[in-house]
Amino acid sequence: MIIAIMEHSIVALNPILFMIAALLIIMACYTALDLLTTFLSVEKYKRLLYIGSSCSMGVALWTLNLVIIFTLDNSGVASYNFSTILFSLLLAISLAAVGLLAISYKTELLQITFCSFMFTMALLSNYMMSILTINHSVQYNPYLLVSTLLIIFSIFATALVIFFYFKRVSQSSLKPLSTLMMSGAIIEGYYLLLRVIPIPVDGKDERGDFVQLTPFMLYLVCLVSLFILASLIGSSTIVGRRLAKSDNTVNDIRHALDQSAIVAITDAKGTITYVNEKFMEISQYEEQELIGTNHSIINSGYHSREFFTDLWVTIGQGQTWNGEICNRTKTGDTYWVDTTIVPFMKKGKPYQYISICSNISPRKKAENDLMGSIQELEDMQYAIDQSSIVAITDAKGVIIDVNEKFSEISGYERNELIGQTHRLVNSGLHSKEFFEEMWRTIHDRKVWKGEIRNKAKDGSFYWVDTTIVPFFGVNGKPFQFLSIRYDITERKQTEEMLHRQDKLAAVGQLAAGVAHEIRNPLTSMKGYTEYLQLDETDETRLEYLEIILDEIHRVNEIVEEFLQLAKPQSLNLETKNIVKIIENVLSLTEFDARKKHVSLKLVGIHEEILVNCDENRIKQVFLNFIKNGMEAMPGGGAIKVMAERKEENVQISIIDTGKGMPPEQLRKLGEPFFTTKKSGNGLGLMISFKIIENHLGKVFVESEVNKGTVFKIVLPIKPVKYAWPRKS
């Protein structure tokens, strides 16, 4: 089509000028695309590259306009206006710059369409300026003009779409094709416009003839050629510098990798094509032994087949794989590498892989050693947790951690203990001086050891053999304390039992030696006193004789208690309802309680609780504890008795509101001849404790001065299939 138009338009006198113009257009278009490509791919020189690309494209759009001005002749001599020519050049550059600016942001279809439109407008405006330059009027067919502009626009758009959207073909191949299409759009556009908007001669609708090539025109063409060549050289220089800098950067990166990393390159099938010195150094293979093989040569057999299958699936999909691999050297030693494998894709398929590894063998060894140490510590902690009660406190004694044994023995949940101090389990047995000495010891960087009685959540007491280890910081101040305890409750109970048995044995020996010697005089004294009462009429004397008989009776009771200690009677065990026994004892003591202004109350008992017991002996214990409670309240008060199930035991609590006992008296309770009463001998409580022990039970006593005393009797329950409510 271009050739057909030229046959009608070009006079054979100056075809060289048009050939030069066509070459200039092609060079300018190629330069514009080259600079644009560089602009889109670099960060530096962007402004310079953008200006160069815009100028080159503007010159390409303007070159034929210049040829038309200098070749068309209306009267034998070309008439022109240099300011208009210069303005047309600036207009072409400006419109090209606007179009390229849109592409510089995004190379999408909308931006390409806009750029093609601006190129078309630049071409049209330059042609119109050429007509104005040679002072001719404009006559055209609007339909033909629109069709022509659409053809020009379509060619520009097609050239840009091919250049930016055909990703599978390299830009080095697409750039010449797009250049030829854009150059064709410019040349064909001008000649189409010559036909649609002809330039009249002497007012006639005739096409002008071409003038011969003049030296001025030749110089001007050379000047434009030099401008385009300068743009090409500048573009090549910038690209060359960038490539040189990139090459230096790549060399630096490669050198750094070779110094610090193990690098290997394989083809798509996994065959090794390159290894660096670090790879050869750690694997102990030579380069010729590695090139052409695959990584199975260093496979240690540590990893499963599935491990490598997953690796190949990942990189085969174009994704980077990261992981740790155990390899084997030529001598058979193993080593660990932290590996990153990067796939390089072409046409959607990987064509090579680069693996970058770092030697982590020392770290893996340290990890294995650490894991072994951690395992040992965990085993030790498990052993301690199974056998010991462990607690950690901060410098102020606030609990920050406890083990399960602590929660188990204290009855408190872990969250109830953390944030508290050990006052939560303080039984009140030990004095203030006891704990002050403990704190003084551990603050002096010494380990404290001792036995402590604590109080569980349910009110029961337990003994622990305690070791407290202080930990000090770099500032010389303690930052935490570790306490390791062992439950010695059974041992303490055994010691207490043996202690009591020793005392009972001593008392029993004393009783065996003197009981009979005492009873014989007592019998005589009682007989003569009763005889004297028969004949005595004096009221005062009779009163004295009554007192003597009461004292003889009291001494006789003491002798009876001695005899019980010396020769304890065997228990007559029967299955009895402990609730009935308690009710019976309360009914026996009710009258005496009223006289002493003491209220008796049975609380919290709604069912039958069966125990194996000697009823008379158990009654003796209850009577003894209740009477002691009443005697502890000379001004009156209240006694509550309750029985409740505690797993396989029953706990009977006798609670008074008396004056209570201090810790030092509480520790001696149950010892022979120790009593808090003026007329007591301490044998009653001692015998009561012994009776409960013979029933395989336990007695716990809690007391607080001016608040009262609690006797807790724990007896085993006889297992039964059913339990039913008591009848009212």
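The basis for the numbers below is simple: all heavy atoms, side chains too, and nothing from hydrogens, waters or symmetry mates.
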Does S125 reach the main-chain N or O of A122 with its side chain, forming a donor-acceptor pair under 3.5 Å? yes
Please identify which of these residues, L61, L149, L95, meets the side chain to side chain contact (heavy atoms under 4.5 Å, CB included) condition with T120. L149
Under 6.0 Å between ring centres, would you say that holds for H303 and W336? yes
Exercise: identify the closest heavy-atom pair between Q480 and I392: OE1-CG2, 3.8 Å
With a 4.5 Å cut-off on side-chain heavy atoms, are I186 and L123 touching? yes
Can L33 and S178 be said to form a side-chain contact (heavy atoms from CB on, under 4.5 Å), step by step? CA-CA 9 Å; L33 289 177; S178 296; 3.9 Å; yes
L145 side chain reached by L124 side chain, heavy atoms, under 4.5 Å: yes
Please round to the nearest 0.5 Å and tell me the distance separating atom SG of C29 and atom CG of L180. 9.0 Å
Do V263 and F279 make a side-chain contact, defined as non-hydrogen atoms from C-beta onward lying under 4.5 Å apart? no
Nearest non-hydrogen partners of V275 and L290, listed with the distance: CG2-CD1, 4.0 Å
Full working for side-chain contact (heavy atoms from CB on, under 4.5 Å) between R414 and D401: CA-CA 8 Å; R414 189 171 183 273; D401 194 20; 2.5 Å; yes
Note: V337 and C357 closest approach over all heavy atoms is CB-CB, 3.8 Å
Distance col, row Q317:CD vs M345:CE, nearest 0.5 angstrom, shows 9.5 Å
Crowded around Y285 OH? As in, over 12 foreign heavy atoms under 6.0 Å? yes
side-chain contact (heavy atoms from CB on, under 4.5 Å), that's the test. Do D369 and K365 meet it? Break it down for me. CA-CA 6 Å; D369 293 342; K365 184 179 182 302; 3.3 Å; yes
G318 versus P343, closest heavy-atom pair with distance: C-CG, 3.5 Å
Will you find, in the side chains of Q284 and T331, an N or O donor that is under 3.5 Å from an N or O acceptor? yes
Could you give me the CA-CA distance, side-chain angles and deciding distance for T334 and N327, then say whether side-chain contact (heavy atoms from CB on, under 4.5 Å) is met? CA-CA 6 Å; T334 57; N327 289 331; over 6 Å; no
Where do P350 and G316 come nearest, in terms of heavy atoms and distance? CD-O, 4.0 Å
Got a donor-acceptor contact below 3.5 angstrom from the S116 side chain to the A157 backbone? yes
Within a radius of less than 6.0 Å around CD of E404, do more than 12 heavy atoms belonging to other residues, nucleotides or ligands occur? no
How far does OG1 of T271 sit from NE2 of H295, to the nearest 0.5 angstrom? 10.5 Å
So F471 and F479, would you call those rings parallel, tilted or perpendicular, with 30° and 60° as cut-offs? tilted
Quick one: CD1 on I315 to CH2 on W312, what's the gap to the nearest 0.5 Å? 4.5 Å
Side-chain contact test, heavy atoms from C-beta onward, threshold under 4.5 Å: evaluate it for S358 versus I360 and give yes or no. yes
Tell me if a side-chain donor or acceptor on N276 pairs with a main-chain N or O of A261 at a distance below 3.5 Å. yes
Separation between CG (D267) and CD (Q352), nearest 0.5 Å, reads 9.0 Å
Just by modelled atom types, is the S283 backbone N or O under 3.5 Å from a matching donor or acceptor in the T329 side chain? no
Is it true that, when you exclude E324 itself, more than 12 heavy atoms of the residues, nucleotides or ligands shown sit nearer than 6.0 Å to its CD? yes
State, with a plain yes or no, whether a side-chain heavy atom of F308 is found less than 4.5 Å away from one of V313. no
Answer yes or no for K175 and Y30: cation-pi contact, defined as NZ/CZ to six-membered ring centre under 6.0 Å and angle to ring axis within 45°. yes
Given side chains that start at C-beta, do those of L160 and I103 come closer than 4.5 Å, heavy atoms only? yes
Are Y274 and I354 side-chain neighbours, meaning at least one heavy-atom pair lies under 4.5 Å? no
Test item: L177 and F163 side chains (from C-beta on) under 4.5 Å apart, heavy atoms: no
Please evaluate residues K330 and E289 with respect to the criterion salt bridge (charged side-chain N to carboxylate O under 4.0 Å, His left out), reporting the C-alpha separation (whole Å), side-chain torsions for both, the decisive distance (0.1 Å), and the verdict. CA-CA 10 Å; K330 186 177 181 179; E289 295 178 289; 2.9 Å; yes
Looking at every heavy atom in both F114 and A102, which two are closest together, and how far apart are they? CD2-CB, 3.6 Å
Can you tell me how far CG of D333 sits from OG of S361, rounded to the nearest 0.5 angstrom? 10.0 Å
Donor-acceptor under 3.5 Å (Y353 side chain, K269 main chain): no
Is the centre of the W62 ring less than 6.0 Å from the centre of the F87 ring? no
